[in-house]
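See structure below.
Reckoned from all heavy atoms, side chains included, excluding hydrogens, waters and symmetry mates.
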Amino acid sequence: HVQLVESGGGSVQAGGSLRLSCEASGITEGTNCIGWFRQAPGKEREGVAAMIVLGGTTYYADSVKGRFTISRDNDKNAVYLQMNNLESEDTALYYCTVSTLMTYWGQGTQVTVS
């Protein structure tokens with residue numbers, strides 16, 4: 001079965017950086033899109049970054065443009081989110097998604113910015 005496991009979350013001070021990783025396994029179909037979502041307590045889940053695999057077109061939420069970068073490593077079946085200049089508003093549980101014919105979700109990794 002498909003498994004997506006996020007890692008790299010943690011607690012950092014404002015202005016710091018984190019790199020989230022998502023290791024995917026069990027995906028046999030071609031990947032169309034990869035992305036990262038986040039959800040903070042009391043708020044709706046929001047998309048923060050996405051990439052259309054064919055062509056590499058990326059999309060970012062206005063709140064993270066210029067600070068976050070999504071990337072992938074096909075050889076390692078991994079998706080990454082580089083987060084720089086973190087703000088307290090970035091505190092949330094971050095989820096990795098991979099879309100083929102279906103959309104798969106990881107369990108999330110916590111990011112806390114003081």
Side-chain angles (χ1 to χ4, degrees):
H1 63 280
V2 174
Q3 294 186 113
L4 274 64
V5 180
E6 299 99 335
S7 62
S11 298
V12 298
Q13 294 183 324
S17 298
L18 285 173
R19 189 192 192 204
L20 306 184
S21 297
C22 174
E23 305 291 339
S25 63
I27 298 177
T28 58
E29 308 94 347
T31 298
N32 175 257
C33 182
I34 58 175
W36 289 90
F37 289 76
R38 68 185 182 187
Q39 187 165 26
K43 295 185 177 181
E44 292 187 343
R45 182 182 64 194
E46 64 174 340
V48 297
M51 175 186 289
I52 306 301
V53 173
L54 183 60
T57 302
T58 58
Y59 303 88
Y60 298 95
D62 288 342
S63 60
V64 307
K65 285 182 179 177
R67 300 189 298 117
F68 289 12
T69 303
I70 186 172
S71 62
R72 73 186 194 281
D73 186 332
N74 288 341
D75 292 338
K76 296 181 179 180
N77 295 316
V79 181
Y80 306 102
L81 184 67
Q82 179 67 45
M83 306 185 295
N84 297 326
N85 194 24
L86 285 161
E87 305 168 351
S88 60
E89 292 79 10
D90 296 317
T91 295
L93 188 64
Y94 284 72
Y95 299 91
C96 171
T97 65
V98 174
S99 294
T100 59
L101 296 176
M102 304 288 176
T103 298
Y104 304 99
W105 293 76
Q107 293 300 308
T109 184
Q110 179 68 39
V111 171
T112 301
V113 184
S114 63

Would a single hydrophobic cluster contain both [Y] and [X], if residues Ile, Leu, Val, Met, Phe, Trp and Tyr are joined by side-chain heavy-atom contacts under 4.5 Å?
X: Tyr95; Y: Leu86; result: no
X: Tyr104; Y: Val48; result: yes
X: Leu93; Y: Phe68; result: no

Measure across [X] and [Y] and return the closest heavy-atom pair with its distance rounded to 0.1 Å.
X: Gly26; Y: Val2; result: O-CG2, 3.4 Å
X: Ala40; Y: Ala92; result: N-CB, 3.9 Å
X: Gly47; Y: Ala61; result: O-CB, 3.5 Å
X: Cys96; Y: Glu6; result: N-OE2, 2.8 Å
X: Thr109; Y: Gly9; result: OG1-N, 3.2 Å

State, yes or no, whether a side-chain contact exists between [X] and [Y] at a heavy-atom distance under 4.5 Å.
X: Val64; Y: Met83; result: no
X: Leu20; Y: Val111; result: yes
X: Arg38; Y: Thr91; result: no

Separation of [Y] [atom2] from [X] [atom1] (nearest 0.5 Å):
X: Ile34; Y: Leu4; atom1: CD1; atom2: CG; value: 10.5 Å
X: Asp90; Y: Thr112; atom1: CG; atom2: OG1; value: 11.0 Å
X: Met51; Y: Ser71; atom1: CE; atom2: OG; value: 6.5 Å
X: Tyr59; Y: Ile70; atom1: OH; atom2: CD1; value: 12.0 Å
X: Ile27; Y: Gln3; atom1: CD1; atom2: CD; value: 10.5 Å
X: Asn32; Y: Met102; atom1: CG; atom2: CE; value: 13.5 Å

[X] side-chain N/O to [Y] backbone N/O, donor-acceptor pair under 3.5 Å:
X: Thr57; Y: Ile52; answer: no
X: Gln107; Y: Val5; answer: no
X: Gln82; Y: Thr69; answer: no

- prompt: In this structure, which one of Tyr80, Trp36, Tyr94 forms a side chain to side chain contact (heavy atoms under 4.5 Å, CB included) with Cys22?
  reply: Trp36

- prompt: Which of parallel (below 30°), tilted (30 to 60°) and perpendicular (above 60°) describes Phe37 and Trp105?
  reply: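 Taking Trp105 first and then Phe37, their aromatic rings sit tilted (interplane angle of 30° to 60°).
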
